[in-house]
Amino acid sequence: MATETESSYFVREIEKNDGCVLKLKQCHKGDVGCVVWDAAIVLAKYLETRSFKDPATGGNRWAGQHVLELGAGTGVVGLMAASLGAHVTVTDLEDLQTLLQVNIEENKGVVSCGSITAKVLKWGEDVSDFLPPPDYVLMADCIYYEQSVVPLVESLKKLSGPSTCIICCYEHRTVGINPKVEAQFFELLRKDFNWEAVPLEQQDPEFSSLDIRILNIKRNI
Ligand SMILES: C[S@@+](CC[C@H](N)C(=O)[O-])C[C@H]1O[C@@H](n2cnc3c(N)ncnc32)[C@H](O)[C@@H]1O
């Protein structure tokens with residue numbers, strides 16, 4: 001990743017409701033995190049919906065919130081939260097750090113009241129750098145391979161306090177290994193967490209789909 005040249009990037013643009021545009025550089029070469037996945041777009045656009053607006057003032061509830069994104073890939077979800085005023089740490093494996101930095105730099109004009117930094121967080125490893133627990137943990141398309149299920153749930157446990165809200169967006173895939181992985185993930189999650197699905201009506205109507213699900217997950221007290 002460190003040797004990527006300008007020409008090896010291709011850009012995905014996501015227009016915000018305020019007219020600003022997030023520009024995500026993606027790589028032709030590299031692992032799955034080098035491109036923007038549909039679940040990330042659905043989640044990013046959900047962050048702009050009425051669910052996160054104060055009904056009395058119309059103000060945006062992301063302002064000043066502490067947000068941690070797991071498996072951030074290009075960083076689109078975290079960048080959206082930061083552009084809405086949150087203080088965000090986007091995390092992923094070491095290999096994705098250059099791309100995350102590039103995208104943070106590319107979008108710094110869109111992040112004014114909020115802030116965003118990128119750090120390495122490998123699921124299952126030490127999370128002390130990320131404590132106390134954030135207000136929100138965001139994750140898009142992170143449920144996709146068997147070996148990651150145990151460490152991913154372990155990280156969620158260590159990172160969530162009684163008031164942390166985990167917003168998990170994932171694509172329900174009916175072919176390949178994903179159905180099994182999805183079942184394993186929820187079986188394990190059930191031991192320490194409860195969750196509710198976000199109805200389609202509460203999502204952005206242009207950026208939602210029956211296959212892509214958003215859950216609000218909370219730690220059992
Ligand atoms: C399918 S991609 C999704 C990327 C981004 N969230 C999106 O939706 O566009 C899964 C992401 O999880 C990250 N990932 C996979 N295994 C991981 C692990 N053990 N620890 C931390 N991140 C991991 C990958 O590097 C990748 O960025």
Side-chain angles (χ1 to χ4, degrees), residues 1-2 4 9-14 22-47 67-82 88-104 106-107 116-130 134 136-159 166-173 175-179 181-182 184-185 188-189 203-204 207-209 211-215 217:
M1 291 293 301
E4 289 295 339
Y9 292 125
F10 60 110
V11 177
R12 177 88 187 246
E13 294 193 348
I14 293 158
L22 296 175
K23 294 184 181 153
L24 286 313
K25 289 190 172 169
Q26 309 172 101
C27 300
H28 292 284
K29 294 174 280 169
D31 205 352
V32 292
C34 294
V35 293
V36 175
W37 289 80
D38 288 347
I41 298 175
V42 169
L43 179 53
K45 292 301 291 181
Y46 171 59
L47 304 187
V67 172
L68 181 73
E69 185 182 0
L70 299 180
T74 61
V76 56
V77 173
L79 280 160
M80 175 64 90
V88 180
T89 306
V90 280
T91 68
D92 207 304
L93 301 171
E94 183 68 51
D95 280 0
L96 272 300
Q97 297 301 310
T98 303
L99 185 61
L100 283 169
Q101 290 296 353
V102 163
N103 281 326
I104 288 172
E106 182 74 21
N107 291 283
I116 182 162
T117 50
K119 286 190 178 174
V120 175
L121 197 177
K122 186 172 179 188
W123 304 332
E125 297 198 346
D126 181 33
V127 297
S128 47
D129 262 12
F130 306 96
Y136 289 89
V137 173
L138 304 177
M139 50 190 273
D141 216 342
C142 288
I143 310 166
Y144 67 102
Y145 70 102
E146 209 171 332
Q147 298 87 327
S148 70
V149 169
V150 171
L152 178 55
V153 174
E154 199 53 38
S155 291
L156 292 176
K157 279 201 302 205
K158 290 182 184 155
L159 288 165
I166 300 168
I167 311 183
C168 168
C169 186
Y170 69 99
E171 185 163 348
H172 175 66
R173 298 178 175 102
V175 291
I177 61 159
N178 191 263
V181 174
E182 199 183 298
Q184 288 171 341
F185 175 80
L188 197 54
L189 196 71
Q203 301 178 29
D204 184 308
F207 297 92
S208 58
S209 134
D211 299 346
I212 298 180
R213 299 171 181 175
I214 305 179
L215 305 177
I217 304 173

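Every number for a ligand or one of its atoms is a count from 1 in the order of the listing. Bear in mind that the values here come from a model prediction, so they are computed numbers and not experimental data.
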Per-atom contacts, ligand 1 versus [X] - under 4.0 Å to a heavy atom:
{"X": "Gly73", "value": "4 (C), 27 (O)"}
{"X": "Val36", "value": "9 (O)"}
{"X": "Val35", "value": "9 (O)"}
{"X": "Lys122", "value": "20 (N), 21 (C)"}

(Q) Tell me the protein heavy atom at minimum distance from atom 9 (O) of ligand 1, and give that distance in Å. (A) Trp37 N, 2.9 Å
Q | Nearest protein heavy atom with distance in Å, relative to atom 4 (C) of ligand 1 | A |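 Looking only at protein heavy atoms, the one closest to atom 4 (C) of ligand 1 is Gly71 O, 3.5 Å.
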Please answer whether the main-chain N or O of [Y] pairs with a side-chain N or O of [X] as donor and acceptor at a distance below 3.5 Å.
{"X": "Asn103", "Y": "Lys25", "result": "yes"}
{"X": "Ser155", "Y": "Gly124", "result": "yes"}
{"X": "Asp92", "Y": "Gly73", "result": "yes"}

Q) What distance separates Glu182 CD from Arg173 CZ, expressed to the nearest 0.5 Å? A) 9.5 Å
(Q) To the closest 0.5 Å, what do you measure between SG (Cys169) and CG (Leu47)? (A) 9.5 Å
Out of [options], who is nearest to [atom] when you count heavy atoms only?
{"atom": "atom 20 (N) of ligand 1", "options": "Tyr145, Tyr144, Trp123", "value": "Trp123"}
{"atom": "atom 7 (C) of ligand 1", "options": "Gly75, Gly124, Ser148, Ala40", "value": "Ala40"}
{"atom": "atom 26 (C) of ligand 1", "options": "Leu138, Leu152, Asp141, Asp92", "value": "Asp92"}

(Q) Contact between Thr91 and Glu69 at the side-chain level, heavy atoms closer than 4.5 Å - yes or no? (A) no
**Q.** Leu68 and Leu121, any side-chain heavy atoms less than 4.5 Å apart
**A.** yes
How does [X] reach ligand 1, if at all, at less than 4.0 Å between non-hydrogen atoms: by side chain, backbone, both, or neither?
{"X": "Val76", "value": "neither"}
{"X": "Leu96", "value": "side chain"}
{"X": "Ala72", "value": "backbone"}

Q) Closer than 4.0 angstrom: is that true for some heavy atom of Thr74 and an atom of ligand 1? A)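 So Thr74 does not count as touching ligand 1.
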Q: Answer with yes or no whether Leu121 contacts ligand 1, where contact means a heavy atom under 4.0 Å from a ligand atom.
A: yes
(Q) Given Leu70, which partner from the list Ile166, Leu159, Leu138 fulfils the side chain to side chain contact (heavy atoms under 4.5 Å, CB included) test? (A)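 When Ile166, Leu159, Leu138 are each tested with Leu70, the side chain to side chain contact (heavy atoms under 4.5 Å, CB included) holds only for Leu159.
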Q. Polar-atom distance check: Ala39 versus ligand 1, any N or O pair below 3.5 Å?
A. no
Q: Measure from NZ or CZ of Lys119 to the centre of the six-membered ring of Phe130, then state whether that distance is under 6.0 Å and the direction lies within 45° of the axis.
A: yes
**Q.** Exercise: identify the closest heavy-atom pair between Tyr46 and Gln203
**A.**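 Nearest heavy atoms, Tyr46 then Gln203: CD1-CA, 4.2 Å.
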